[in-house]
2 protein chains.
Amino acid sequence: MIKVVIIGSGNVAQHLLKVMLNTEEVTIVQVFARSKESISHLIVENQITSTYNDIKEADVYIISVSDNAIAEVASNLPFKNRLVVHTSGTSELSVLDNKNRKGVFYPLQTFSRSKAVDFSTIPICLETENERDYAILKALADLISKKAYAISSEQRKSLHVAAVFVCNFVNHLYQIGNEICNENKVPFEILQPLIIETANKITQLSPKEAQTGPALRNDTKTIEKHMDFLQESNYKELYKLLTQSIQNV
Amino acid sequence: MIKVVIIGSGNVAQHLLKVMLNTEEVTIVQVFARSKESISHLIVENQITSTYNDIKEADVYIISVSDNAIAEVASNLPFKNRLVVHTSGTSELSVLDNKNRKGVFYPLQTFSRSKAVDFSTIPICLETENERDYAILKALADLISKKAYAISSEQRKSLHVAAVFVCNFVNHLYQIGNEICNENKVPFEILQPLIIETANKITQLSPKEAQTGPALRNDTKTIEKHMDFLQESNYKELYKLLTQSIQNV
């Protein structure tokens, strides 16, 4: 049995809380949240605290707050030599306070409040200062996911940049596609099988091998037609830059 | 039974040929290919011709060649008043020769030679000059796919531009993510669940609702870190432009 205190009540904190409450071998000892209401729909009130001095003993303290609050929260903890981890893709291990043992427990996924996720498929990137703590985090990760990886702060930084490209930026291109469809009275659902296939394809081919389309073929006639078609200067500029980028690699 | 002649031996032609050969109520009468070798692994040689005058009678002639060859191929056909369609996302119905009845049969998917596709999920965009011909194409589309849509030349043009954004450009962002991982010795497979979830998410939420990440949160500290991290000027520029674009909508 691994005893966990979750510190934070945001998106990632809530998803972690939900999956851990449903995991037999994890006990959620407590949740620390500045406002109890933000989390009381998931856990009974007497298990929520907003007072640092009331935080109970646990094997792992998971700080899941915004990046710029991690250091302050870690330094406010009124105990020492316990295992305190954060869940951030961008913050280094070293932002945590030296009085406790440090770790990172970063689930690499896009979390929206209104969409359930299957945690078992989410890669969890782990980092600790020593092997004993790694074993604790690995055991915890293995209880909720099939995939745990040892990832250093430096590697995690690169992973987070890459994740922005393949998730946030990709989703933004979906949004542009959606808007082009709306403007031309074409149902966006026509594009969904293409979107799913494009994502699935790279589990079998590398993205480089999987590439198709006018930019790759250097089909200048089609590229010109598309540039003429696009009215919004922002879309035009993105089309141009992405086409050039495909042709440069 | 619908009798079909396929004209062309490229990527789309081959995928269409494969699915139609496996569809009981479609008869592939013949394939027209400039070089028989390009297609002889899929169909017996006496069903392939490279002579226009040898093309047999059929209900539908599917021209699946590169965009700039469609008009020439259509005008070379030695018959008239038959139903001749092309499979292009970018070419208008009107590029086909007036001597025959015109149509478009555009399967909206990304076809790679080395990856099989499930045709039943591929939307097929149809256009004809009259209802009788539409009924023929609709019957043919229904035999190989669950989804057929009536899409005008103007709508198809917008759809093709949108498809470039959500497929080719998205795949290019996957490639950038892949390269960032390689450069930093992180396995790219860590990002695959994120990629699949990002694609699946928009079947339940609109891309706008689904957006997350530093650009949306206007997390300038993380954005600056990422910009510093990116060495390649091309990636830097894309990061900047896509971040601005997310913040503008």
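Chain letters run A, B, ... following the sequence lines, proteins first, then strands; residues in each count from 1.
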Quiz item: Given the rule in the side chain to side chain contact (heavy atoms under 4.5 Å, CB included) test, do B/Leu159 and A/Val186 qualify, once you have shown the distances and angles that lead to the verdict?
Solution: CA-CA 7 Å; B/Leu159 205 45; A/Val186 177; 3.5 Å; yes
Exercise. Check whether B/Ile176 gets within reach of chain A through its side chain, its backbone, both or neither, counting any heavy atom under 4.5 Å.
Key: side chain
Short donor-acceptor separations (under 3.5 Å), chain B to chain A:
residue	atom	partner	partner atom	Å
B/Thr90	O	A/Lys225	NZ	3.2
B/Gln109	NE2	A/Pro193	O	3.4
B/Thr110	OG1	A/Lys201	NZ	2.5
B/Thr110	OG1	A/Thr212	OG1	3.4
B/Ser112	OG	A/Lys201	NZ	2.8
B/Lys115	NZ	A/Glu197	OE2	3.3
B/Tyr149	OH	A/Glu189	OE2	2.5
B/Gln155	NE2	A/Lys185	O	3.0
B/His160	ND1	A/His226	NE2	2.9
B/Asn168	O	A/Gln211	NE2	3.0
B/Asn168	ND2	A/Thr212	O	2.9
B/Asn168	ND2	A/Thr212	OG1	3.3
B/Asn171	ND2	A/Pro207	O	2.8
B/His172	NE2	A/Ser245	OG	2.6
B/Lys185	O	A/Gln155	NE2	3.0
B/Glu189	OE2	A/Tyr149	OH	2.5
B/Gln192	NE2	A/Ile202	O	2.9
B/Pro193	O	A/Gln109	NE2	3.4
B/Glu197	OE2	A/Lys115	NZ	3.3
B/Lys201	NZ	A/Thr110	OG1	2.5
B/Lys201	NZ	A/Ser112	OG	2.7
B/Ile202	O	A/Gln192	NE2	2.9
B/Pro207	O	A/Asn171	ND2	2.8
B/Gln211	NE2	A/Asn168	O	3.0
B/Thr212	O	A/Asn168	ND2	2.9
B/Thr212	OG1	A/Thr110	OG1	3.4
B/Thr212	OG1	A/Asn168	ND2	3.3
B/Lys225	NZ	A/Thr90	O	3.2
B/His226	NE2	A/His160	ND1	2.9
B/Asn234	ND2	A/Ser245	OG	2.8
B/Ser245	OG	A/His172	NE2	2.6
B/Ser245	OG	A/Asn234	ND2	2.8

Practice problem: Just give me the residue among A/Gly213, A/Gly89, A/Ala215 that pairs up with chain B most often, heavy atom to heavy atom, under 4.5 Å. | Solution: A/Gly213
Exercise. Answer with side chain, backbone, both or neither: which region of B/Val164 has an atom nearer than 4.5 Å to a non-hydrogen atom of chain A?
Key: side chain
Quiz item: How far does CD1 of B/Ile202 sit from CD1 of A/Ile195, to the nearest 0.5 angstrom?
Solution: 3.5 Å
Practice problem: Might you point out which heavy atoms bring B/Pro123 and A/Ile190 nearest each other, and give the distance in Å? | Solution: CG-O, 3.2 Å
Quiz prompt | Flag side-chain contact, heavy atom, 4.5 Å: B/Val166 against A/Leu173 | solution = no
Practice problem: Look at A/Val117, A/Ile180, A/Leu194 and state which one has the largest set of heavy-atom pairs under 4.5 Å with chain B. | Solution: A/Leu194
Quiz item: Counting heavy-atom pairs under 4.5 Å to chain B, which of A/Ala199, A/Pro187, A/Gly177 comes out on top?
Solution: A/Ala199
Quiz prompt | Pick from A/Ile151, A/Ile122, A/Leu191 with the largest number of heavy-atom pairs that fall under 4.5 Å of chain B | solution = A/Leu191
Quiz item: Non-hydrogen atoms of chain A under 4.5 Å away: do they reach the side chain of B/Leu216, the backbone, both or neither?
Solution: neither
Quiz item: Which is it for A/Leu238 and B/Phe169 under the side chain to side chain contact (heavy atoms under 4.5 Å, CB included) test, yes or no, and what are the steps along the way?
Solution: CA-CA 9 Å; A/Leu238 276 172; B/Phe169 290 168; over 6 Å; no
